[in-house]
Structures are given as structure tokens and as C-alpha cells.
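Worksheet for the structure shown next.
Atom set for the values below is all heavy atoms of this structure, side chains included, hydrogens, waters and symmetry mates excluded. Order of listing sets the numbers, starting from 1, for every ligand and every atom in it.
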Amino acid sequence: MKLHRHIDYGPLIERWQGGDLATWAAQLPDQLRAGMSLQRFGDLPTWLQALEALPELQADAIHLDTARVGASCRTPIDPAVEQQLRDALMQLHPWRKGPFELFGTHIDTEWRSDWKWDRLLAALEGLQHRRVLDVGCGSGYHCWRMLGAGAAQVIGIDPTPLFVVQFWALQKYLQQADIWLLPAGIEQVPPKLHAFDTVFSMGVLYHRRSPIDHLQELKDCLRPGGQLVLETLVIEGGPGATLMPEGRYARMGNVWFLPSCATLLAWLRKLGFRNCELIDVTVTSTDEQRSTPWMTFHSLANFLDPQDPGLSIEGYPAPRRAIVTANVPGQWQPCDTP
Ligand SMILES: C[S@@+](CC[C@H](N)C(=O)[O-])C[C@H]1O[C@@H](n2cnc3c(N)ncnc32)[C@H](O)[C@@H]1O
């Protein structure tokens with residue numbers, strides 16, 4: 001199922017035929033066409049041209065387990081080719097999640113997503129032999145890190161087509177067969193799949209109108225004993241405390257519920273998750289989320305109260321993010337055919 005010269009989902013659909021993901025494989029062609037529809041997404045042709053404009057370069061080394069995910073070659077590349085690479089990648093602005101480095105070009109993204117990865121890594125059950133789902137994966141930065149950490153197969157889903165094209169720009173050079181980023185939201189994942197060993201949902205829960213339903217959907221994606229890694233905005237407070245910003249939150253629309261850590265853990269337990277643990281709480285700093293040449297729009301510093309950086313511009317507590325892990329009941333067994 002080729003959507004473009006550099007975007008081919010055929011091998012994934014073939015791989016899923018006849019297995020526990022066959023239902024999804026059957027729905028994928030329609031989902032892919034809708035998720036990358038030129039009629040729906042007016043900027044998509046420009047992004048696809050950028051993908052087309054990427055120079056042909058052969059990587060000598062692939063970097064998946066370092067902060068800057070990317071590819072490199074031993075011999076320096078021609079400055080004109082380097083410029084062509086930079087120009088094409090720049091056409092995929094804004095680059096939000098990263099960093100990446102391709103043949104010496106450092107894509108200094110809005111977020112230091114590697115910091116989040118470093119905060120969660122110790123709490124992760126080993127990814128070897130695991131099929132992993134990353135819900136709301138953005139450009140797929142963490143998906144690459146999951147592959148670098150040994151995952152057997154990584155599936156990222158994100159409904160924003162620019163991020164999908166950014167992923168394929170990386171994939172043109174990294175050429176990894178076990179990582180896929182699908183232009184889809186959690187709504188497109190068939191119900192009660194129970195097909196993933198580890199499921200990540202990072203930066204998504206607060207965008208869901210019904211957070212409990214989101215947690216249930218994540219649970220339904222997991223195989224028995226599988227691990228959930230959840231990261232979301234939280235507030236300080238005890239059991240039951242939850243903030244529902246009426247308008248925007250840190251300039252973001254579509255923010256529904258920010259629980260306290262105690263509330264979040266109680267939600268998970270109430271849904272039947274086991275081993276619910278708080279791994280980390282970090283107030284987001286303007287070093288971690290900031291404008292850069294690769295994301296020139298406003299960023300966190302513009303979303304905080306200039307008189308009191310402890311408050312968002314709307315007067316709510318400034319962004320604070322928690323990572324929790326939990327398991328679904330059951331004894332996890334490695335899957336033979338990811
Ligand atoms: C704050 S970003 C988080 C990106 C990445 N997971 C991280 O932690 O850095 C939220 C992402 O969720 C995606 N998203 C929005 N609605 C979604 C949905 N219904 N299902 C899956 N992803 C969604 C957005 O496109 C965006 O890329």
C-alpha cells in the first residue's frame with residue numbers, strides 16, 4: 001500500500017495478515033488513505049515535495065540509542081548536498097519532538113524529548129521481544145528510542161500528517177523494518193485488540209474529553225501482563241483533586257482534565273490496572289520546551305505568566321508532568337511473531 005515513493009505500508013499490512021492484528025490490517029488501507037488525504041490536508045503536497053527533495057545519501061551508521069536519533073556517514077558530505085538536506089527538512093517546519101541529527105545536520109526541535117525518555121527508561125520493563133504501541137507519538141522520536149532499546153516492533157500512531165511525513169523523512173535514511181508510524185488516532189485502533197506488550201501514551205490524556213475511556217482503550221490494547229507507560233500533565237494535590245481548565249491552558253485549546261498524581265493512580269487502579277506506580281514528576285522548564293530555528297513559533301516561555309513563571313498565562317499552575325507505569329493483570333509471555 002504505497003502512498004508515495006517514500007511512504008509504503010505494504011510490508012506492514014502483509015506482516016499483519018493472518019495474525020492477531022489481521023483485523024487492523026484489513027482496516028488499514030482506508031485509514032491510511034483518510035489519514036493522508038490530499039483533500040483533507042491542504043499542506044500535504046508541500047510536505048510530500050519536501051520528502052521528494054531529500055538528497056540520496058547512504059548512511060554508514062544509524063543512531064537509535066543516543067539523544068540525537070539519526071544517521072551519519074564517515075566521509076563528509078558535499079556542502080551543496082548538505083544545504084539541500086537542510087532546506088528540504090526545513091520545509092517540514094515545525095519540528096516539535098526530537099532531537100534528530102542527519103549527516104551532521106542537527107534538527108534542534110522545540111522539545112528535548114530525550115529528557116522525557118531519560119526520566120522513564122529505568123521504569124521500563126525490558127522491550128526485547130515486545131511489540132510496542134506509542135499512542136500520540138508525534139514525529140516518532142520516542143518510537144526510534146524504543147527500537148533502540150530493543151523492541152521487536154514499534155507502532156506509533158498520530159493523526160497529524162506533518163509528523164507522519166517527518167517520520168518518513170527519517171526513515172528514508174534509517175531504513176528500519178520494525179518501526180511504523182500510522183496516520184491515525186486512538187479512535188482508529190480496533191477495540192479490544194489485546195495485541196501489544198507495552199503501550200505508551202505520552203502527552204495525550206489531557207487532550208481526551210473522557211480520560212477514563214482513554215485509559216480503558218489503552219488497557220484494551222495490552223496483552224495479559226503488558227505494561228502501560230503514561231505521561232500527562234498533572235496538578236499538585238491529593239486524592240480526588242483534578243483541574244478542568246474552562247478555557248485554554250498554557251495557550252492550548254482542547255485541554256480537558258489535569259488530575260493530581262493521587263487521582264491519576266486511583267483512576268488506573270479503579271480500571272483494574274496492577275502495580276500502579278508514580279515514576280517521576282517534573283515541572284516543564286523553558287530549557288526543555290523552547291523556540292528554536294526548527295520551531296520558530298511561540299513556545300513555553302510565551303505561555304507562562306511573565307510576572308510569575310509558576311503560573312500559566314491564564315493563571316493556572318504552570319505545566320507539571322508526571323510519568324506513571326502500570327500493568328494489566330496476567331502473566332506476560334513473550335510473543336513469537338511481532
Ligand atoms: C503533546 S504531543 C505528545 C507527543 C509525544 N507522545 C511526546 O510525549 O513527546 C500529543 C500528540 O498527540 C497527538 N494526538 C492528538 N489527538 C490524538 C488522538 N486522538 N489519538 C492519538 N494521538 C493524538 C497529537 O497529534 C500530538 O502529536
Side-chain angles (χ1 to χ4, degrees), residues 24 31 34-36 40-41 43-44 47 67 69 92 94-100 107 109-121 124 132-146 154-167 170 179-191 193 196 198-211 213-218 220-221 228-234 248-258 279-280 282 284 288-290 294-295 297 299-300 303 319-325:
W24 200 358
Q31 291 183 357
M36 298 292 274
R40 270 177 79 197
F41 304 107
D43 289 328
L44 191 49
W47 300 329
V69 165
L92 299 178
W95 284 84
R96 294 195 179 274
K97 312 294 174 179
F100 300 104
I107 304 176
T109 48
E110 177 189 18
W111 281 85
R112 288 296 306 265
S113 309
D114 52 315
W115 294 5
K116 188 186 290 190
W117 183 253
D118 291 343
R119 290 196 285 263
L120 66 81
L121 192 55
L124 211 53
V132 178
L133 178 69
D134 185 6
V135 175
C137 61
S139 62
Y141 175 81
H142 295 120
C143 297
W144 295 109
R145 299 301 304 266
M146 291 164 202
V154 183
I155 305 298
I157 58 170
D158 202 290
T160 306
L162 171 62
F163 302 154
V164 178
V165 179
Q166 289 174 344
F167 165 79
L170 265 288
I179 180 170
W180 297 88
L181 203 159
L182 308 177
I186 182 80
E187 310 84 331
Q188 270 82 48
V189 178
L193 268 185
F196 291 91
T198 307
V199 170
F200 291 80
S201 167
M202 304 196 287
V204 177
L205 186 78
Y206 52 88
H207 287 312
R208 303 304 291 159
R209 200 194 301 228
S210 174
D213 289 341
H214 181 63
L215 296 176
Q216 182 65 51
E217 285 162 354
L218 298 171
D220 289 343
C221 289
L228 171 69
V229 180
L230 187 109
E231 190 255 16
T232 193
L233 288 166
V234 291
R248 289 176 170 258
Y249 173 80
R251 288 269 156 83
M252 283 182 285
N254 197 22
V255 172
W256 292 91
F257 295 98
L258 279 61
I279 301 308
D280 179 77
T282 298
T284 308
E288 184 168 357
Q289 186 191 6
R290 74 278 192 256
W294 294 84
M295 204 302 291
F297 304 146
S299 189
L300 182 60
F303 309 151
R320 166 187 300 266
R321 291 173 171 265
I323 300 171
V324 294
T325 56

Report summary line: atom 4 (C) of ligand 1 has as its nearest protein heavy atom Gly136 O, 3.3 Å
**Report entry** Whether Glu231 lies under 4.0 Å from ligand 1, heavy atom
**Finding:** no
Report task. Using atom types as modelled and distance alone, determine if a side-chain donor or acceptor of Asp158 lies under 3.5 Å from a backbone N or O of Gly138. Result -> yes
Query - Any side-chain donor near an acceptor of the partner, Gln289 and Thr284, under 3.5 Å - result: no
Report summary line: Numbered in order shown, the ligand 1 atoms found under 4.0 Å of a heavy atom of Val204 are 12 (O)
Query raised in the report: Among Lys116, Arg320, Arg119, which one satisfies salt bridge (charged side-chain N to carboxylate O under 4.0 Å, His left out) with Glu231?
Result: Lys116
**Report entry** Any side-chain heavy-atom pair of Trp95 and Phe100 under 4.5 Å
**Finding:** yes
Query - Which of the ligand 1 atoms, numbered from 1, are nearer than 4.0 Å to a heavy atom of His142 - result: 7 (C), 8 (O), 9 (O)
**Report entry** Protein residue, atom and distance nearest to atom 13 (C) of ligand 1, heavy-atom basis
**Finding:** Asp158 OD2, 3.3 Å
Requested in this report: Just need the protein heavy atom nearest to atom 8 (O) of ligand 1, so name the residue and atom and give the distance.
Outcome: Lys116 NZ, 2.5 Å
Query raised in the report: Any idea which heavy atoms bring Leu205 and Leu230 closest together, and the distance?
Result: CD2-CD2, 4.3 Å
Query raised in the report: Could a heavy atom of Trp117 be found less than 4.0 Å from some atom of ligand 1?
Result: no
**Report entry** Atoms in ligand 1 flagged as close to Gly185, the criterion being non-hydrogen separation under 4.0 Å
**Finding:** 18 (C), 20 (N), 21 (C)
Query raised in the report: Excluding sequence neighbours, so at least two apart, what forms ring-ring contact (aromatic ring centres under 6.0 Å, His included) with Trp117?
Result: none
Query raised in the report: Is the shortest heavy-atom distance from the side chain of Val164 to the side chain of Met36 under 4.5 Å?
Result: yes
Report summary line: Filtering Arg208, Arg96, His207 for the heavy atom nearest atom 19 (N) of ligand 1 leaves Arg208
Query raised in the report: Are any non-hydrogen side-chain atoms of Val165 and Leu44 less than 4.5 angstrom apart?
Result: yes
Report summary line: With heavy atoms and a 4.0 Å threshold, my read on which part of Tyr141 contacts ligand 1 is neither
**Report entry** Heteroatom proximity flag, Val135 to ligand 1, N/O under 3.5 Å
**Finding:** no
Query raised in the report: Taking non-hydrogen atoms only, is Met202 closer than 4.0 angstrom to ligand 1 via side chain, backbone, both or neither?
Result: both
Requested in this report: Ignoring angles and geometry beyond distance, decide whether Tyr206 reaches within less than 3.5 Å of ligand 1 through its nitrogen or oxygen atoms.
Outcome: no
**Report entry** Gly138: numbered ligand 1 atoms lying under 4.0 Å from its heavy atoms
**Finding:** 27 (O)
Query raised in the report: Any salt bridge between Arg321 and Glu288, counting N to O under 4.0 Å?
Result: no
Query - Shortest non-hydrogen contact between Gly35 and Arg40, atoms and distance - result: N-NH1, 4.1 Å
Query raised in the report: Closest approach of Gln166 and Ser139, non-hydrogen atoms and distance?
Result: OE1-CB, 3.5 Å
**Report entry** Ligand-residue contact atoms, ligand 1 with Thr160, heavy atoms, under 4.0 Å
**Finding:** 25 (O)
Query - Geometric N/O contact Glu187 with ligand 1, under 3.5 angstrom - result: yes
Query raised in the report: Looking at atom 10 (C) of ligand 1, what's its closest protein heavy atom, distance included?
Result: Gly203 O, 3.2 Å
Query raised in the report: Partners of Phe167 by ring-ring contact (aromatic ring centres under 6.0 Å, His included), sequence neighbours excluded?
Result: Trp144
Query raised in the report: Hey, does Ile186 come in under 3.5 Å of ligand 1, counting only N/O atoms on both sides?
Result: yes
Query raised in the report: What about Ser113: any of its N or O atoms under 3.5 Å from an N or O on ligand 1?
Result: no
Query raised in the report: Pro99 and Asp114: which non-hydrogen atoms are nearest, and at how many Å?
Result: CD-OD1, 3.3 Å
Query raised in the report: Which of the numbered atoms in ligand 1 are below 4.0 angstrom from a heavy atom of Phe163?
Result: 27 (O)
Report summary line: If you scan protein heavy atoms around atom 15 (C) of ligand 1, the nearest is Pro159 CG, 4.0 Å
